[in-house]
Amino acid sequence: MAKKLFLLDALALIYRAYYALIRNPRITSKGRNTNAQFGFTNTLYDLINKEKPTHLAVCFDTHAPTERHTEFVEYKANRQEAPEDLLDSLDDIKKIIKGFNIPVVEVDGYEADDVIGTLAWQAADQGYEVYMVTPDKDYGQLLIHKNVFIYKPGYQGGDVEILDAQKVCDKWSIERVEQVVDILGLMGDAVDNIPGIPGVGEKTAAKLLKEYSTLENVIANADNIKGALGEKVRNGKESALLSKKLATIITDAPVQFHEEDYKIKEWNKVDLIEVFTELEFKTLGKRILGDEFNVFQSTTVAVQTEMFAATTEPKENGQKDLFGNDVPAKTPAKAAVAEPVESGFNADKNINNTPHEYILVDTDEKAKDLVQKLLKEKEICFDTETTNIDANDAELVGMSFSYKPFEAYYVPAPADQEKTKQLLEIFKPLFDSTETTWIGQNLKYDLLVLKWYGIELAGNIYDTMLAHYVIEPEGRRSMDLLSAQYLNYEPVHIEELIGKKGKAQGNMRDVEVEKIKDYAAEDADITLQLKYALQPGLKAKEVEKVFYEVENPLVKVLTDMEFEGVRIDEGFLKEYSRILESDASDAEQNVYAGAGVKFNLASPKQLGEVLFEKLKLDPKAKKTKTGQYATGEDVLLKLAQTNPIVDDILTFRELTKLKSTYVDALPLMINRKTGRVHTSYAQAVAVTGRLSSNNPNLQNIPIRTERGKEIRKAFIPRNSDHVLISADYSQIELRIVAAISGDPNMCEAFKQGIDIHTATAAKVYGVEPGEVTKEQRYKAKSVNFGIIYGQGAFGLADNLGISRTEAKEIIDNYKKEFIGITKYMDNTTNFAREHGYVQTLMGRKRWLRDINSSNFTVRGFAERNAINSPIQGTAADMIKLAMIKIHEAIKKEKLQSRMILQVHDELVFDVVKSELDIIQPLILENMKIALPLPNDVPVEAEVGVGDSWLAAH
DNA sequence: CTGCTCACG
DNA sequence: ACGTACGTGAGCAGC
């Protein structure tokens, strides 16, 4: 097979890609323009795919000046600064090139075309077919060598064009490719600011060369050229000669073609996945990586992967954070590249090249031996295999253990559940050991599985998923991905055992034991190794406190809450569903009657067309980014006056939402064994440190509207001896703002116990607290919340329906009266700009790579995150600590009551009536002292008791 | 599978 | 001229 070398002129391709899409830019959800990255990737992949090169390299210009610059100061002096978007793309593009495992060639003092020219000719001499990938026509001169071609990529569906010498000559209307430099010398090049001969363009240049063959000969015959043209040539001969020199591509640059280096190599798929995910290349990512892109996409987390840059820089002396703590060594906010930290663990060894021992433990005798062995170990990695991803409905299929790398044990569990219980009895001494630290990936799952068998682990928890969460809160952290990233090893995929998700997915129970053993033991082995690999990161990032004091201890708390579940009044919901059905249907009919057409009211697309095209309602709605009319609640409210059907539409929306999302959905989630609903808390999803809840989400049960809050009547105590308690923090986020900003006015208001929104209104409007009107309080409340999120005048105006002038006035007053808060906002953004992250009171960090972006929108996002994350995150730290303390206290007091739900600033308990007196103060006290705030800002919490969640409020 | 809409803090 | 308040999960329509 012929050897085919492709040399890419990176910057030329990037510029071309960027401007090709300029009128129809690709913008990510975070506002980044990704034209260049997209165009470049497309070109690169298409050529790899279609042309099957055997060798590849990408060439860049460097910043160093070239001889052309020293010889001719005007050279490229007309170039405008490249757009910021485009410059920002370079890091991504280099990452992509690295992902494709292609060498980058750049030589100081030489431009990419010189490098490419030199390499092309060398390779061609060695018998390669060489394709120079560029949109630049100047390369035509290099086609003097007969094995060299220009490969001009197509843009926006255009076709690729491969140019040989003949085609180049045809383009320029010349006879020999040698004449390309002559023609460039004559006509110049506006793009590079090469003058040529003023007044001589492409056509004239070709005509002259046809007659005189070379530039030099044209000049020699200048006197024979008649008329104005002759005059121009005579005046411009020096300029022309210089221009020719500038346009001549150097073919003896100091660079050597080594064929080994440029050979096509395996892609670094993890790098590609990471960068494609960040750039939101969904379709393209899938086209390039196929199903593997899906595998790594499978978790819920979006967009960004944060850096994991191990910083070896020395700690800067005297650096303090906003809370006066030492800060870790400066982490670059920009240009952060994922690079696993050097671990104490030997990274050169991996599962590919190191013999491993995975041992099947399939008799009671072997199991007993294993237990004895494990009892001597302090740290044991543990993993379960089960029949179901829902731990509440799963049977144990087997357990794996590992306490040293490359050695793991797999213990199959019999299908007969009684026998499995007997097997677990053998392990009881181990499970009961308080000396053991249990290492695992998402141990909550395994703990929950065991809990259904009546087993609890007495030891400590070390969850690698949570370690990664605090190190890199925005990253994705499936086992596959972590293993690839930190251990450089791609584990056996679960699909290889039980097939892909969906109908065809099989059951772990049906897989032969040997296969499960290899998979399961490997999982425990990998997880143990991950622990070693992640450990240095915890230290480097200074997130050990939040990891050991908050996240790990919370695992058992959440396990118990999920196990407990909550009782739902199914009958009540069935009845309520009928009412909603009937009322929604009435509203729907009203809409059709009022509009004069029948359509699908549940379709925003159809509704938009009816409202704005058929009924021509005003104000005409803005379009969404897909070109549809927006029909969200805010839009509809502005239309409410113009047509009575709008009210009915809103009613229909409200009722169908309640019905489908809650009233009809919740009964379907009732567990058959318990008759209760068991949500699942995601502990490593929300970037700020909050929990999230799913299957079902019990953190967004309606409360704001009358018909919505009815649903809370369906959340009821275990039985008639029980009641529900709801305990919630009062204004926790604002207290945190006051405390960490130290603003005297706001701190004082909380210390005095004055209603915070009234106090704010009094300051902003310059009146006594007693004189604050309802409206002033309402507006002040909106400002208070807006501040937490970094809202501006526009947002406040929109929110309150007031003018931007008034909004600005309110905000200006606010900033003046609460100067400490203004300072906090400045300080926290400055801190982020300098260090690349912000943090909570417990040292939970969030990295903000865009904080120094010059893109207004992108930077704005990061700045608002800088303001909000420490607040939201500190509140999350606080309630998590409270949960741990309350859980401990309930255990210690041997109470029958249970914590069952968490909703960010609220905890719900299923309480035995006889324990009410003891548990209420226990809850309140622990919530208040969980995380003391600076500046003596008091923390308040309130409890309510009732026969339903609604009544408990 | 994606985008829109809407439920919560 | 830009776009404008943070963090989530779920159901539905329509491609």
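Taking atom CD on A/Q872 and atom P on B/dC8, their separation rounds to 17 Å, with Å as the unit. Distance A/N865 CG to C/dC6 C1': 7 Å, rounded to the nearest Å. If you measure from atom NZ of A/K286 to atom P of B/dT2, you get 5 Å, rounded to the nearest angstrom. Atom CG in A/L655 sits roughly 13 Å away from atom P in B/dC6 (whole-Å rounding). Atom CD of A/E942 is separated from atom C1' of B/dG9 by 16 Å (rounded to the nearest Å).
Of the side-chain N and O atoms in A/R864, one or more sit less than 4.0 angstrom from OP1 or OP2 of C/dC6. Between A/R704 and B/dC8 there is a side-chain polar atom (N or O) within less than 4.0 angstrom of OP1 or OP2. Side-chain nitrogen and oxygen atoms of A/Q699 include none within less than 4.0 Å of the OP1 or OP2 phosphate oxygen of C/dG7. When the side-chain nitrogen and oxygen atoms of A/S692 are compared with OP1 and OP2 of C/dG9, one or more of them lie within a distance under 4.0 Å. For C/dT8, the OP1/OP2 oxygens have no side-chain nitrogen or oxygen of A/S693 closer than 4.0 Å. Neither OP1 nor OP2 of C/dC6 sits under 4.0 Å from any side-chain N or O of A/S869. The shortest distance between the side-chain N/O atoms of A/R804 and the OP1/OP2 oxygens of C/dT4 is not below 4.0 Å. Taking only side-chain nitrogens and oxygens, A/N600 comes nearer than 4.0 Å to OP1 or OP2 of C/dA13.
In this structure, A/L848 CG and A/S869 OG are separated by 6.0 Å, a value rounded to the nearest 0.5 Å. Here the CG-CD1 distance, from A/N695 to A/I389, works out to 8.0 Å after rounding to the nearest 0.5 Å. The CG atom of A/L901 sits 8.0 Å away from atom OG1 of A/T679, with the distance rounded to the nearest 0.5 Å.
Take A/Q731 and apply the side-chain contact (heavy atoms from CB on, under 4.5 Å) test, not counting sequence neighbours, and it matches A/L734, A/R735, A/F750, A/I756, A/H757, A/F785. For A/Y778, there are no ring-ring contact (aromatic ring centres under 6.0 Å, His included) partners at least two apart in sequence or on another chain. Residues satisfying the side chain to side chain donor-acceptor pair (under 3.5 Å) criterion with A/S660, sequence neighbours excluded, are absent altogether. Applying the side chain to side chain donor-acceptor pair (under 3.5 Å) test to A/R578 and every residue at least two apart in sequence or in another chain returns A/E575. For A/Y729, the ring-ring contact (aromatic ring centres under 6.0 Å, His included) criterion is met by no residue, not counting sequence neighbours.
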What would the secondary structure line of DNA chain C be in dot-bracket form, counting Watson-Crick and G-U wobble pairs under 3.5 Å, with [ ] for pairs that cross earlier ones and | for pairs with another strand?
.....|||||||||.
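Comparing atom distances between the A/P702 side chain and each of B/dG9, B/dA7, C/dC6 picks out B/dA7 as nearest. When distances are taken from the side chain of A/A686 to each of C/dG7, C/dG14, B/dT5, the shortest belongs to C/dG7. Set against C/dG11, C/dA13, B/dC6, the side chain of A/A665 has C/dG11 as its closest nucleotide.
For the P atoms, the distance linking C/dT4 with B/dT5 amounts to 15 Å, nearest Å. Taking atom P on both B/dC4 and C/dG3, the two are 15 Å apart, rounded to the nearest angstrom.
Mapping A/F861 and A/N700 onto DNA chain C by nearest heavy atom places A/F861 closer to the 5' end of the strand. Residues A/Y789 and A/P604 each lie close to DNA chain C; by heavy-atom proximity, the contact nearer the 5' end of the strand is made by A/Y789.
Contact check of residues 705-716 of chain A against DNA chain C (heavy atom, cut-off under 4.0 Å) returns no residues at all.
Of the charged side-chain nitrogens involved, none lies within less than 4.0 Å of a carboxylate oxygen, so that A/D850 and A/R32 do not count as a salt-bridged pair.
Screening residues 677-700 of chain A for salt bridge (charged side-chain N to carboxylate O under 4.0 Å, His left out) gives A/R690-A/E733 as the qualifying pairs, with residues at least two apart or on separate chains. Contacts classified as side chain to side chain donor-acceptor pair (under 3.5 Å) and involving residues 703-714 of chain A (residues at least two apart or in different chains) are given here: A/E654-A/T705, A/E710-A/K713, A/R712-A/H953.
Side-chain N/O atoms of A/R846 and base N/O atoms of C/dG7 include no donor-acceptor pair closer than 3.5 Å.
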